[in-house]
Protein chains: 2
Amino acid sequence: MNVECIQKLRKGHFKITPKRRAILELFDKKDKCLSPEIIWTHLKKTFKQSGFPSVYRNLEIFVKQGILFRVERQGRKRYYALCHDHSGHHHHHIICVECGKADVFPECSFPDIKSVKGYKILNHSMQINGICKDCQ
Amino acid sequence: MNVECIQKLRKGHFKITPKRRAILELFDKKDKCLSPEIIWTHLKKTFKQSGFPSVYRNLEIFVKQGILFRVERQGRKRYYALCHDHSGHHHHHIICVECGKADVFPECSFPDIKSVKGYKILNHSMQINGICKDCQ
DNA sequence: TTCATAAATAGAAATAATTTCTATTTATAA
DNA sequence: TTATAAATAGAAATTATTTCTATTTATGAA
């Protein structure tokens, strides 16, 4: 688990536990988005004892702290991927639809307006889908 | 059910059934995004007999035909809303986080590039969240 | 209008993802 | 070293969604 992740967790007064380390190290190693089930299966190898609820809760904590983000994919399962931005600036991500690899999309061209059609604009979410170098 | 919806269904050789009419009329009447459960509850009033699977399947057919689109909201439930664009042009939507009302967002500023960071860009999805006139 | 046919449907049951709950354990700050 | 809040396991509950099969129905052709 790298320094940035530790800082992001400490900022929210979250503890650095062995399982949290293991989850983030798995993301580092795999370098792609992962489902709760895949993570849990992996944790079982190292920890024999490990529960689903911890995985789910930790994933959401990681999102809250800006360590992971949620990826939309086909099917019912959730996916999460590492966010490689540590600047804290607004940004989006591009995802490989084949392998699930994710990277920061380097710009956001959303117009600088506060309202449209009577709506007050609060925020926007975006996902760019593509095919990564290795999968092309 | 308006002419555009009928055309969009006919284009895919889908039948115009009473329940499909009822679902789309509900969307017209409510003017906001709806969950499968809400739709099913409403259908039960008029049809006594009506099953969940039909609702789910029809919602996906409507999306496929460009009549509805999926809305991302908090929680586990799916939501769908009417797409008011009949031009067939690329566009996005703005959603009221309070009441679920949805409108076409009039422009897309996504850059005209084919690739980024080694990814071949396939498509992008976007949702703008806001607060509509009535909810402000 | 009638009929043949593919499409649509209900209803029950299965599936499977996610969440809740409680007792126990553990990381961390004092 | 210790007190404490946070994290966890494991089982059970919840609930959204899908599958399956027999029946019904919209629609195009005769």
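Below, chain A is the first sequence line, B the second, and so on; all start at residue 1. Computed from a predicted structure; not experimentally measured. FYI, side chains are in, hydrogens and waters are out, and symmetry mates aren't considered; it's all heavy atoms of this structure.
Inter-residue side-chain proximity for Lys32(A) and Tyr79(A) is flagged as unmet; no heavy-atom pair is nearer than 4.5 Å. At least one side-chain heavy atom of Met1(A) sits less than 4.5 Å from a side-chain heavy atom of Ile16(A). Taking 4.5 Å as the limit, every side-chain heavy atom of His93(A) sits out of range of all side-chain heavy atoms of Gln127(A). Two residues are said to be in side-chain contact when any heavy atoms from C-beta on lie closer than 4.5 Å; Ile94(A) and Val104(A) fail this criterion.
Checking His84(A) against His91(A) by side-chain atom types alone, no donor-acceptor pair falls below 3.5 Å. Side-chain contact check for Lys8(A) and His86(A): at least one donor-acceptor pair (N or O, by modelled atom type) lies under 3.5 Å. Side chain to side chain, Asp134(B) and Gln136(B) fail the donor-acceptor criterion of an N or O pair below 3.5 Å.
Residues from residues 58-81 of chain B with heavy atoms under 4.0 angstrom of DNA chain D, sorted by number: Arg76(B), Lys77(B), Arg78(B). The stretch residues 42-50 of chain A touches DNA chain D through Gln49(A), Ser50(A), each having a heavy atom within less than 4.0 Å of the strand.
Neither Ile95(B) nor Ile131(B) shares a network with the other; the hydrophobic side chains, linked directly or stepwise wherever heavy atoms of I, L, V, M, F, W or Y lie under 4.5 Å apart, form separate groups for each. Clustering ILVMFWY residues whenever any of their side-chain heavy atoms sit less than 4.5 angstrom apart, transitively, puts Phe69(A) in a cluster other than the one holding Ile38(A).
Geometric assessment of Lys133(A) against the ring of Tyr119(B) yields a negative cation-pi assignment under the 6.0 Å and 45° thresholds.
Under the side-chain contact (heavy atoms from CB on, under 4.5 Å) criterion, Tyr80(A) pairs with Phe27(A), Pro36(A), Leu59(A), Glu60(A), Val63(A), Leu68(A), Arg70(A), Arg78(A), not counting sequence neighbours.
Ring geometry for Phe52(A) versus Tyr56(A): interplanar angle of 30 to 60°, hence tilted.
The outermost nucleotides of DNA chain C lying under 4.0 Å from heavy atoms of chain B, listed 5' to 3', are dA6(C) to dT19(C).
In this structure, the helix from dT1(C)-dA30(D) to dA30(C)-dT1(D) shows an angle of 50° between the axis at its start and the axis at its end, each fitted on 5 base pairs and rounded to 10°.
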query = Is there a side chain to side chain contact (heavy atoms under 4.5 Å, CB included) between Gln74(B) and Glu72(B) once you walk through the steps?
reply = CA-CA 7 Å; Gln74(B) 288 296 110; Glu72(B) 300 299 328; over 6 Å; no
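For the pair Lys19(B) and Pro36(A), both in contact range of DNA chain C, the more 5′-proximal nearest nucleotide belongs to Lys19(B).
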key: Reading 5' to 3' through nucleotides 25-30 of chain D, protein heavy-atom contacts under 4.0 Å coded B for base, S for sugar-phosphate only, - for none   = BBS---
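At a threshold of 4.0 angstrom between heavy atoms, the contacts of Arg57(B) include nucleobase atoms, whether or not backbone atoms are also involved.
Phosphate proximity of dT17(D) to Tyr56(B): present, with a side-chain N or O under 4.0 Å from OP1 or OP2.
Between Lys101(A) and Asp103(A) there is a salt bridge, since at least one side-chain N of the basic residue sits less than 4.0 Å from a carboxylate O of the acidic one.
Here His124(B) and Phe110(B) bring their ring centres to under 6.0 angstrom of each other.
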